[in-house]
Undergrad: 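I have a structure here, written as structure tokens, and I will follow up with some questions on it.
In this text, all values refer to a predicted model and were calculated from it rather than measured experimentally. Residue numbers start from 1 in every chain, and the chains themselves are labelled A, B, ... in the order their sequence lines are given, proteins ahead of strands.
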Number of protein chains: 2
Amino acid sequence: MTKVTREAVIDRLMSVFRRHGYQGASMSELANATGLGKSSLYHHFPGGKDDMALAVLDHVRQWLDEHVVKIAAGDGTPKAKLAAITERLAAFYENGREPCLLGALAAGGARANLQAPLREAFQMLIAAFTALGIEGGAPKAKARLAAEDAVLRIQGALILSAGLDDPSPFRHVLERLPKDILG
Amino acid sequence: MTKVTREAVIDRLMSVFRRHGYQGASMSELANATGLGKSSLYHHFPGGKDDMALAVLDHVRQWLDEHVVKIAAGDGTPKAKLAAITERLAAFYENGREPCLLGALAAGGARANLQAPLREAFQMLIAAFTALGIEGGAPKAKARLAAEDAVLRIQGALILSAGLDDPSPFRHVLERLPKDILG
DNA sequence: GTCTATAATAGGATAGAC
DNA sequence: GTCTATCCTATTATAGAC
């Protein structure tokens, strides 16, 4: 498996984990989704599901780094950067039709192994939004609270959109995201 | 099993489902949690896990009716009623340490059977908060959006509190709930 | 209504050929 | 690196005694 197809495999794994959670993701479905046999999966992820979930979490953290953290720390007005970030988030979650991996893992009661990377992923998001709020002129403490609120709204919106089978709560949260963070 | 102990059994089942989700809740743990043998569980819930999850969802809807809908429709100022409701919610979720059954089921990708009652439970909550907002003087459309936002914040806060292993996001959301709904 | 025992199946994981 | 075949365990579910 070359480097590029490993990415592809992890991407397929992610799509299973985010929809079914850790326990709901079976080796059979993981194998089907990747187009690999179970044994091949074990070749690439010797630790089994745990290894895969860890790899997927790492993949998500890379994604967040590239599409949220880097943009937040880059050039442009806070407003413009937030607009770019929300665009990426909308695509990543397919406008509320795709669940969140972090939510799926946190909701199922994460394995001990997954707790730390899970927390780090949430903290990355909160830190990036906090920085944006501060850059926009908010006091540090207020920016931090607004950032936490933004992250939890995204999570909750994906849950509610799934529960109602209606993507509009997610869309609405994303629309208001820049305003909520910039005040 | 008398009527009162059936309630107790369902309550134990709920505590397993909310912590592990549908797939993560195994018959063994369900049996342990209730103190019944597996066969006894099948006696009371012939349809197995599906039946149990349905019963638990029904239980939650009754809880919501009693501790949210009825209070919202009852006597008192909107502010006072909201205070009473948040108190119940805080207790129900043990201040953010216990996950939400609705979230746990919605996140795992709900079974087809569970989708409808799940949606109804969310809609009950939204309707109750909307009514409170209207009673507080908000225009209908605005009250409805604020109610949706409140529900999704509670869900997201429970996810984030679990992910960060820190109940403060949930506590903070509950504190702001009356203000968010009443404006 | 509850239990013990047991079936039937799915799940995670490994061995070894290619 | 991938496959087929297999193993072992956990899981869902049922039968039948009490």
Undergrad: Of the nucleotides dG1(D), dT2(C), dG11(C), which has the atom closest to the H44(A) side chain?
TA: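 Shortest atom-to-atom distance from the side chain points to dG1(D).
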
Undergrad: Hey, is the side chain of S40(A) poking within less than 4.0 Å of OP1 or OP2 on dC3(D), counting only N and O atoms?
TA: yes

Undergrad: Strictly under 4.0 angstrom, non-hydrogen atoms only: write out the protein contact profile of nucleotides 13-18 of chain D, one letter per nucleotide from the 5' end, B, S or -.
TA: BBB---

Undergrad: Expressed in angstrom and rounded to an integer, what is the separation of L13(A) atom CG from dG12(C) atom P?
TA: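 Going from CG in L13(A) over to P in dG12(C) covers 13 Å.
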
Undergrad: For residues 137-162 of chain A, which residue pairs pass the salt bridge (Lys or Arg N to Asp or Glu O under 4.0 Å) check, not counting sequence neighbours?
TA: R144(A)-E148(A), D149(A)-R153(A), D149(A)-R153(B), R153(A)-D180(A), R153(A)-D149(B)

Undergrad: In whole angstroms, how far is the P atom of dT2(D) from the CZ atom of F45(A)?
TA: 11 Å

Undergrad: Got more than 12 heavy atoms from elsewhere within 6.0 Å of CD, E87(A)?
TA: no

Undergrad: So, the side chain of K49(A) versus the backbone of M27(A): is there a donor-acceptor pair under 3.5 Å, distance only?
TA: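 Pair absent, no side-chain N/O of K49(A) close to backbone of M27(A).
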
Undergrad: Between P on dG12(C) and CG on D51(A), what's the gap in Å once rounded to a whole number?
TA: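 Checked: the CG to P distance equals 14 Å.
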
Undergrad: What is the distance, rounded to the nearest whole Å, between atom CG of L36(A) and atom C1' of dG1(D)?
TA: 9 Å

Undergrad: Could you go through nucleotides 8-10 of chain C and list every protein N or O atom that sits under 3.5 Å from one of its N or O atoms, giving the distance for each pair?
TA:
none

Undergrad: R111(A) has an atom CZ; how far is it from atom P of dG12(C), in whole Å?
TA: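 R111(A) atom CZ is separated from dG12(C) atom P by 10 Å.
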
Undergrad: Roughly, in whole Å, what's the span from CG in L30(B) to P in dT12(D)?
TA: 8 Å

Undergrad: Base, sugar-phosphate or nothing for A25(B)? Non-hydrogen atoms, less than 4.0 Å.
TA: sugar-phosphate

